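To keep things clear, I will list the structure first and then write my remarks on it.
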Amino acid sequence: MMTVDQAVGGSVAAKLFVLARMAALVLLCTWLLRRSGERWADVGLRRPPRWWSVPLVVTAGFVGFVAIVMIANPLLAALGLDPPRHTDAALRGDLLEYLFWAGPVTWGTAAFGEELLLRGFILDRIAKLIGSPRTPAMLAAVVLQAALFGSLHFHQGLGGVLVTGSIGVLMGLMWLLGGRNLWACIILHGIINSISHYESYTAVAG
């Protein structure tokens, strides 16, 4: 199966496949939600009870993300693991390529799509399977969805799986902290990917 990284610098068909695949997954989950009498609002895509809380949760999440980044490389080196592998050299200096990945992919498939699926649909389903609203059960659900999130980045190597899984835990905790609301997760995910793609475009990364 083609990964998102493999589509960087690829054909128009490869890029359209990235967008279409996420759209299909969101539609599938929409159908599954409706079958069970639910909507996306029931798993977190709803108006926050207090809008001012969203930037606070995003800020706390960004601090957590920076901490993960600072700890990850020395920890991976101590474990004898390579840092996450990224194959986004095609972004460097290519404005059109950068705009595609910084726009519809970053804020569409990644920030919006992945958060709907992972922190919305899947995390909620795991929590329902565990069947307890208590904090230990919810934390277990957060860890399980993060493990899945990390495994989806296997193409970045074991280091990438561990780092992305850690970010998945962070996003899951943000979902809980925000009252099981997805907006802070969506915003932070978009910010993280925007920074990554900008660094690649300007050749700061690598």
Side-chain angles (χ1 to χ4, degrees), residues 1-23 54-79 81-119 146 149-174 182-206:
M1 180 183 293
M2 184 182 67
T3 66
V4 172
D5 283 359
Q6 289 171 336
V8 177
S11 65
V12 172
K15 292 177 172 62
L16 291 177
F17 176 75
V18 169
L19 299 178
R21 177 173 58 187
M22 179 55 72
V54 174
L56 294 180
V57 176
V58 171
T59 301
F62 189 78
V63 171
F65 168 71
V66 171
I68 290 172
V69 171
M70 293 179 63
I71 294 170
N73 284 344
L75 182 58
L76 291 176
L79 295 173
L81 298 174
D82 293 327
R85 296 194 298 265
H86 296 282
T87 55
D88 51 6
L91 291 181
R92 295 171 186 175
D94 189 329
L95 180 59
L96 290 179
E97 188 78 16
Y98 165 70
L99 290 175
F100 173 76
W101 292 96
V105 174
T106 287
W107 290 97
T109 65
F112 198 75
E114 289 183 12
E115 292 307 317
L116 280 182
L117 298 182
L118 273 298
R119 259 63 68 180
F149 184 59
S151 69
L152 294 175
H153 294 76
F154 66 92
H155 55 281
Q156 295 181 3
L158 182 54
V161 170
L162 294 176
V163 172
T164 309
S166 300
I167 294 172
V169 171
L170 172 66
M171 293 291 192
L173 293 175
M174 288 174 60
L182 288 171
W183 283 112
C185 300
I186 291 170
I187 293 169
L188 181 62
H189 198 148
I191 291 172
I192 291 171
N193 281 35
S194 294
I195 292 171
S196 175
H197 290 319
Y198 182 75
E199 287 181 339
S200 297
Y201 172 65
T202 58
V204 174

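What you see is a predicted model, and the numbers here were worked out from it, not measured in a lab. Basis for what follows: all heavy atoms, side chains included, without hydrogens, waters or symmetry-related copies.
The minimum heavy-atom distance linking A146 with G168 is given by the pair CB-C, 3.6 Å. Across all their heavy atoms, M174 and A184 have their closest contact at CE-O, 3.5 Å. Contact detail for V161 and S151: the closest heavy-atom pair is CG1-N, 4.1 Å.
Expressed to the nearest 0.5 Å, how far CD1 of I187 lies from CG of L182 amounts to 11.0 Å. For the atom pair CZ (F149) and CD1 (I167), the distance works out to 7.0 Å, reported to the nearest 0.5 Å. Atom CZ of residue R119 and atom CG of residue L173 lie 10.5 Å apart, to the nearest 0.5 angstrom.
Looking only at side-chain heavy atoms (C-beta outward), L158 and L76 stay at 4.5 Å or farther from each other. Inter-residue side-chain proximity for V58 and I191 is flagged as met; some heavy-atom pair is nearer than 4.5 Å. Between E115 and W183, every side-chain heavy-atom pair lies at or beyond the 4.5 Å cut-off. At a threshold of 4.5 Å between non-hydrogen side-chain atoms, the residues M171 and L188 count as touching.
Every side chain to side chain contact (heavy atoms under 4.5 Å, CB included) that L96 has, sequence neighbours left out, goes to D94. By the salt bridge (charged side-chain N to carboxylate O under 4.0 Å, His left out) test, E114 is found to be paired with no residue, residues two or more places apart in sequence or in another chain being considered. Listed by chain and number, the residues in a side chain to side chain contact (heavy atoms under 4.5 Å, CB included) with A111 are W107, I186, H189 (sequence neighbours excluded). T164 meets the side-chain hydrogen bond (donor to acceptor under 3.5 Å, both in side chains) test with no other residue; sequence neighbours excluded. Partners of Y98 by ring pair (Phe, Tyr, Trp, His ring centres under 6.0 Å), not counting sequence neighbours, listed by chain and number: Y201. By the side chain to side chain contact (heavy atoms under 4.5 Å, CB included) test, S166 pairs with I68, sequence neighbours left out. Partners of L19 by side chain to side chain contact (heavy atoms under 4.5 Å, CB included), not counting sequence neighbours, listed by chain and number: F100, P104, V105, T109.
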Between E97 and K15, is a side-chain contact (heavy atoms from CB on, under 4.5 Å) present by the stated rule, with each step listed? CA-CA 10 Å; E97 188 78 16; K15 292 177 172 62; 3.2 Å; yes

Would F62 and L170 count as a side-chain contact (heavy atoms from CB on, under 4.5 Å) here? Give the steps. CA-CA 9 Å; F62 189 78; L170 172 66; over 6 Å; no

